Amino acid sequence: MAPKKRSRGNARSNKQNLSEVEDGEGGSGKKSESQNSRSSSLEKPAYTNWLMKSEPESRVENGVDVKFGIEDLKACPNQTSCWDGVRNYQARNFMRDMKVGQQAFFYHSNCKEPGIAGIIKIVKEAYVDHTQFDKKDVHYDPSSKPENPKWSMVDVQFERMTRRFIPLTELKKYHLKHKGSGGALSNTALFTRARLSVQPLTAEEFDFVLSLEDTDPL
DNA sequence: GCCAACGTTGGC
DNA sequence: GCCAACGTTGGC
């Protein structure tokens, strides 16, 4: 288990909707088309890496400071924390797909300099996010019942800082460039699904971003 | 089951 | 602190 609380996620009032259903992909026949450039085989693409957003600067939400930067994770016992507070179905579903040992980028959002600060790894797969039942918690969800919890969380552990901070502005430049050339970041969720707080990265995207560690900032 | 109104995210 | 993008809600 992880100590700490706090974390980001898309706070949200909520109700059931698009993917109360387990998988969130093609699922239930509701969404059918639209986002299926994927295979006809209904299989989810096997994502191996992730990007998780959190706010490194103080901001009070419902009387509670939601600040949780990578330094805060580092300061946790065992440098491990649960990633609670995610209240968005797509983000939740991605967390449910996470496997122990997989790596994710720790992304700093809603701050002076947004971007990737470090690498974390999944150390515990999805389980019930207890904060949804806690009236005192910022992300309390009165519509979720213990008999049928809506929200999940995973535990993550600090792995290392990236050798340099990789700013969103730089990633965006590569994204624009790659859109023309079909490069690694041409479809990156950070730009195509900007508001998702937990995003999947293909191995190619992850590796490309990692390679930037040893290049000069664009 | 459509869609307008509303609320949140998060870059700038 | 503004506001565009977009997920969610709820009336019909």
Side-chain angles (χ1 to χ4, degrees), chain A residues 6-37 50-73 83-97 104-118 129 131-132 137-145 148-153 165-179 185-201 209 212 217-218:
Chain A
R6 221 51 20 219
S7 264
R8 239 248 90 66
N10 300 344
R12 186 136 295 185
S13 23
N14 25 235
K15 241 328 181 108
Q16 49 127 308
N17 193 4
L18 87 132
S19 10
E20 179 49 285
V21 218
E22 183 59 12
D23 74 303
E25 263 348 274
S28 60
K30 248 185 196 173
K31 286 226 84 165
S32 48
E33 295 313 299
S34 55
Q35 55 194 56
N36 289 349
S37 45
W50 315 93
L51 179 147
M52 302 173 81
K53 299 181 182 177
S54 190
E55 303 186 30
E57 294 173 7
S58 288
R59 186 175 63 82
V60 176
E61 190 177 319
N62 299 335
V64 181
D65 190 351
V66 296
K67 169 184 187 294
F68 190 75
I70 196 162
E71 296 300 334
D72 297 299
L73 173 61
W83 202 269
D84 63 300
V86 171
R87 298 292 183 268
N88 168 281
Y89 289 110
Q90 286 188 62
R92 179 204 69 179
N93 290 340
F94 283 132
M95 286 203 296
R96 289 181 176 180
D97 286 340
F105 286 124
F106 193 112
Y107 179 91
H108 281 169
S109 69
N110 207 11
C111 56
K112 210 64 65 64
E113 203 180 11
I116 291 169
D129 177 345
T131 66
Q132 67 197 296
D137 196 275
V138 197
H139 303 298
Y140 170 59
D141 180 359
S143 73
S144 182
K145 301 298 167 211
N148 188 20
K150 288 186 176 174
W151 309 110
S152 303
M153 62 186 182
F165 179 80
I166 303 173
L168 174 65
T169 52
E170 181 175 353
L171 293 169
K172 185 177 281 177
K173 287 177 194 164
Y174 280 109
H175 168 63
L176 293 175
K177 182 166 143 191
H178 290 183
K179 269 206 300 190
L185 302 192
S186 54
N187 261 317
T188 302
L190 196 51
F191 306 103
T192 60
R193 320 247 50 187
R195 296 175 39 197
L196 250 197
S197 68
V198 175
Q199 321 187 337
L201 268 78
V209 174
L212 297 180
L218 247 202

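Since the structure is predicted, the reported quantities are computational estimates derived from the model, not experimental observations. First the proteins, then the strands, lettered A, B, ... as listed; each starts at 1.
- The separation between Q90(A) atom CD and dC6(C) atom C1' is 10 Å, rounded to whole Å.
- Between the CG atom of N110(A) and the P atom of dC12(B) there is a distance of 12 Å, rounded to whole Å.
- The separation between D141(A) atom CG and dG7(C) atom P is 19 Å, rounded to whole Å.
- Closest contact between the side chain of Y89(A) and the listed nucleotides dT8(C), dG11(B), dG10(B) involves dT8(C).
- The N88(A) side chain lies nearest to dT8(C) when the options are dT8(C), dC12(B), dC6(C).
- Rounded to whole Å, the distance from CG on L168(A) to P on dC12(B) is 5 Å.
- Residue R87(A) has no polar side-chain atom (N or O) positioned under 4.0 Å from OP1 or OP2 of dG7(C).
- Closest of all the heavy-atom pairs between R87(A) and D129(A) is NH1-OD2, 3.0 Å.
- Under 4.0 angstrom from either OP1 or OP2 of dG10(B) there lies at least one side-chain N or O belonging to K53(A).
- The CG atom of L51(A) sits 15 Å away from the C1' atom of dT9(B) (whole-angstrom rounding).
- In this structure, NE2 of H139(A) is placed 12 Å from C1' of dT9(B), rounded to the nearest angstrom.
- In this structure, the salt bridge (Lys or Arg N to Asp or Glu O under 4.0 Å) partners of E71(A), at least two apart in sequence or on a different chain, are K74(A).
- Counting to the nearest Å, the C1' atom of dG7(C) and the CG atom of N93(A) are 14 Å from each other.
- The side chain of Y107(A) contributes an N or O atom lying less than 4.0 Å from OP1 or OP2 of dG11(B).
- Annotation: the span from L185(A) atom CG to Y174(A) atom OH amounts to 9.0 Å, rounded to 0.5 Å.
- F165(A) and H108(A) have tilted rings, their planes meeting at an angle from 30° to 60° on a 0 to 90° scale.
- Distances shown here put every side-chain N or O of K172(A) at or beyond 4.0 Å from the OP1 or OP2 atom of dG10(B).
- Separating the CG atom of N62(A) from the C1' atom of dG7(B) is a distance of 13 Å, rounded to the nearest angstrom.
- Checked options I166(A), L212(A), I70(A); the residue passing with I116(A) is I166(A) (criterion: side chain to side chain contact (heavy atoms under 4.5 Å, CB included)).
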